[in-house]
Amino acid sequence: MRYRVINKNKEFLRVYGKGKAQVHPQVVVYVLKNRLGYTRVGFTATKKVGKAVKRNRARRVMRAALCQVMPYDVGSWDVILVARAQTPGLKSTQLEKTLRKLLTRAGLLEKES
RNA sequence: CGAGUGAAACAUACGGCGGCGGGGCGGCUUGUCCGCUCUGAGGAAAGUCCGGGCUUUUCAGAAGCAUGGUAACUGCUAACGGCAGCCGGGGGUGACCCCAGGGAUAGUGCAACAGAAAGAAACCGCCGCAUUUUUGCGGUAAGGAUGGAAAGGCGAGGUAAGAGCUCACCAGCGUUGUGGUGACACAGCGGCUAUGUAAACCCUACCUGAAGCAACCUCCGUAUGGGGCAUGGGGCCUUUGGUCCCGGCGGAGCUUCGCGCGCCCCGGAGAGGGCUUGAGCUUGCUGGCAACAGCAAGUCGAGAUAGAUCGUCGUUUAAUACAGAACCCGGCUUACGGUUCAGUCGUUUU
RNA sequence: UGGGGAUUUGUGUAAGGGUAGCACACCAGACUCUGACUCUGUUUGUGAGGGUUCGAAUCCUUCAUCCCCAA
């Protein structure tokens, strides 16, 4: 089992335009409901983050952190994580805390102790 | 010990747990699945500065012109602006390193300011003659001043004063001889020599069609998409023709039913190929100063498509720099970590 | 990923290898009781390194940054 992936530019633009954003210096999370019945995930790192090595690392860190925080299917949602300049320098354990906070605020995760 | 030079190999180790891309095998609940197993980034993958393969194109393959590029010589290479050796020049105490290094008597241009003068020169000065005694004519590149550069350098002879005018040595040019495949070096002789710039135009020799895998090829044919052509049916009239209407084809003329859409162009949601066995890599031998070539044996080492190598714990003195394949090779350039080896210089000790 | 272009003062732009200009802005002064307008003056620059040249914004080369084009 793994994440279903958003891979079309149209889909990204739809989520950016209509979805809700949760902003943090370490990462930005866009969330939007879909009608597919399952969860889709996208990871983005622009050229502002750095060159190829830094962008790849940013995507890896975001993917590893999301695996620890969110189960593979939480309902009909599209989720996009956008890396910021700090992201490639982080450990995934640091990013887990902020992701848990942001996803709870967005309503995808229930509050837990 | 310190400073510096050249070369080589390696470049996030090892183990546990979890996770990712690709191939193969197996399972059944046939799919966005599960299990096992093999494999999975670089020395620069980077910059895109050159050269090739490959593909398309209006065949450019032979010759010429234009444009752009290269530039000592000999070799190596598929080719190159690359590499090796060698020549010449330059830098460093040295190990060693650097050089777009053809032609300025083929021609044109430029050399600001300064300076008399920037090309075949007379401002001052020096000398001779004349003279109204402070000017005119002539000779002269030794001296002055300017400049990045001042008409081969320096010494002696010579002279009215001077001058390659003459001579020795040195530099440059031409020519002859010797050595070398050659660039060139050495020696002799000759006349006595017109600055720099060609990374200014240019001349000479050689090379060069253009674009790039988002190239290109194939499938599918969606909103029964848009346009054109062909052809058919019906009505009317001035009937070998004109005009209007209808339209995928067929049953049978509308409705309706069945089949599944005449040809060409545009549009293009999407899928696949191109895609990795190649001037390949490793080891040994032979030839060559070397670059490199040849032979033999062994070997297969990514192929993604929102784009795969990570997270965490432990061990060792410590796990770290620059940095991520995207069609593929050969170079160059730039970025960068510690390690090893071989030379050099300085200081100290023996 | 591939291809192309640009970089001159705070901003916009000129400049045949020979002192880097122009306009606006900023600052100072004058005019005014004060401000604006106007006038006068000053300051502020060739993206970085290396090379060719007597001398580079300009010529050559290696980098850096920014922009554009091609699904």
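Every chain is numbered from 1 and lettered A, B, ... according to where its sequence line falls, protein lines coming before strand lines. Every value quoted in this text rests on a predicted model; they were computed, and no experiment measured them.
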Practice task
Give the rounded distance in Å between these two atoms: CZ of Arg59(A) and P of A304(B).
Solution key: 17 Å
Practice task
Could you check if the base of G242(B) is syn or anti? Syn means the glycosidic torsion is within 90 degrees of 0.
Solution key: anti
Practice task
Taking syn as within 90° of 0 and anti otherwise, name the glycosidic form of G343(B).
Solution key: syn
Handout entry: Between C1' of C20(B) and CG of Leu66(A), the distance in whole Å
Key = 15 Å
Handout entry: Pairwise P distance for G174(B) and G162(B), with rounding to whole Å
Key = 36 Å
Handout entry: Rounded distance in Å - CZ (Arg60(A)) to P (G40(B))
Key = 18 Å
Problem - Atom-pair distance (OH on Tyr30(A); P on A306(B)), nearest Å - result: 21 Å
Exercise for the section: If G21(C) has a Watson-Crick or G-U wobble mate with both distances under 3.5 Å, name it; if not, just say none. Expected result: U13(C)
Practice task
Ignoring the backbone of Arg63(A), work out which of G307(B), A308(B), A306(B) is nearest its side chain.
Solution key: G307(B)
Problem - Watson-Crick/G-U partner (both atom distances under 3.5 Å) of C295(B) - result: G284(B)
Handout entry: Nucleotide A306(B), atom P - distance to CG of Asp78(A) in whole Å
Key = 15 Å
Fill in the blank from the handout: With syn meaning chi within 90° of zero and anything else anti, the base of G301(B) is syn
Exercise for the section: In whole angstrom, give the distance that lies between atom CZ of Arg57(A) and atom C1' of C310(B). Expected result: 9 Å
Problem - C1' spacing across the pair U52(C) / G17(C), given as an integer number of angstrom - result: 12 Å
Practice task
Just label G164(B) as syn or anti from its O4'-C1'-N9-C4 or O4'-C1'-N1-C2 angle, using within 90° of 0 for syn.
Solution key: syn
Completion exercise
Quick note, Thr44(A) side chain, CB onward, closest among A306(B), G324(B), G311(B) is A306(B)
Exercise for the section: Could you let me know what C345(B) is paired to, Watson-Crick or G-U wobble, both distances under 3.5 Å, or none if it's on its own? Expected result: G2(B)
Problem - Syn/anti state for A41(B) [syn: chi within 90° of 0] - result: syn
Exercise for the section: State the pairing partner of A199(B); accept Watson-Crick or G-U wobble contacts with both distances under 3.5 Å, and report none otherwise. Expected result: none
Completion exercise
Between the CG atom in Leu103(A) and the CG atom in Leu66(A), the distance rounded to the nearest 0.5 Å is 6.5 Å
Exercise for the section: Would you mind reporting whether Asp78(A) and Val31(A) have side-chain heavy atoms less than 4.5 Å apart? Expected result: no
Exercise for the section: Pick the P atom in A156(B) and in A116(B), then give their distance to the nearest Å. Expected result: 31 Å
Handout entry: Rounded C1' spacing from C97(B) to U5(B) in Å
Key = 9 Å
Handout entry: C1' atoms of G303(B) and A45(B), separation to the nearest Å
Key = 14 Å
Fill in the blank from the handout: Distance col, row Thr98(A):OG1 vs Lys101(A):NZ, nearest 0.5 angstrom, shows 7.0 Å
Practice task
In whole angstrom, give me the gap between the C1' atoms of A325(B) and G42(B).
Solution key: 9 Å
Handout entry: Cluster overlap Leu32(A) with Val23(A), hydrophobic side-chain contacts below 4.5 Å
Key = yes
Handout entry: C336(B) and U65(C), which share atom name P, separated by this distance in whole Å
Key = 14 Å
Practice task
Would you mind telling me which of A323(B), G307(B), U309(B) lies closest to the side-chain atoms of Val53(A)?
Solution key: A323(B)
Practice task
Indicate yes or no: at least one non-hydrogen side-chain atom of His24(A) is less than 4.5 angstrom from one of Leu102(A).
Solution key: yes
Practice task
Looking at every strand, decide which applies to Arg55(A) at a 4.0 Å heavy-atom threshold: base, sugar-phosphate, or nothing.
Solution key: nothing
Practice task
Could you pull out the closest heavy-atom pair between Val29(A) and Leu81(A), with the gap in Å?
Solution key: CG2-CD2, 3.6 Å
Practice task
List the atom of Val82(A), the atom of Met62(A), and the distance in Å for their closest heavy-atom pair.
Solution key: C-SD, 4.2 Å
Practice task
Please measure how far the P atom in G102(B) lies from the corresponding atom in U70(B), and state the result in whole Å.
Solution key: 13 Å
Handout entry: Between P of C310(B) and CG of Leu95(A), the distance in whole Å
Key = 17 Å
Practice task
Quickly work out the Asn56(A) CG to G21(B) P distance and round it to whole Å.
Solution key: 15 Å
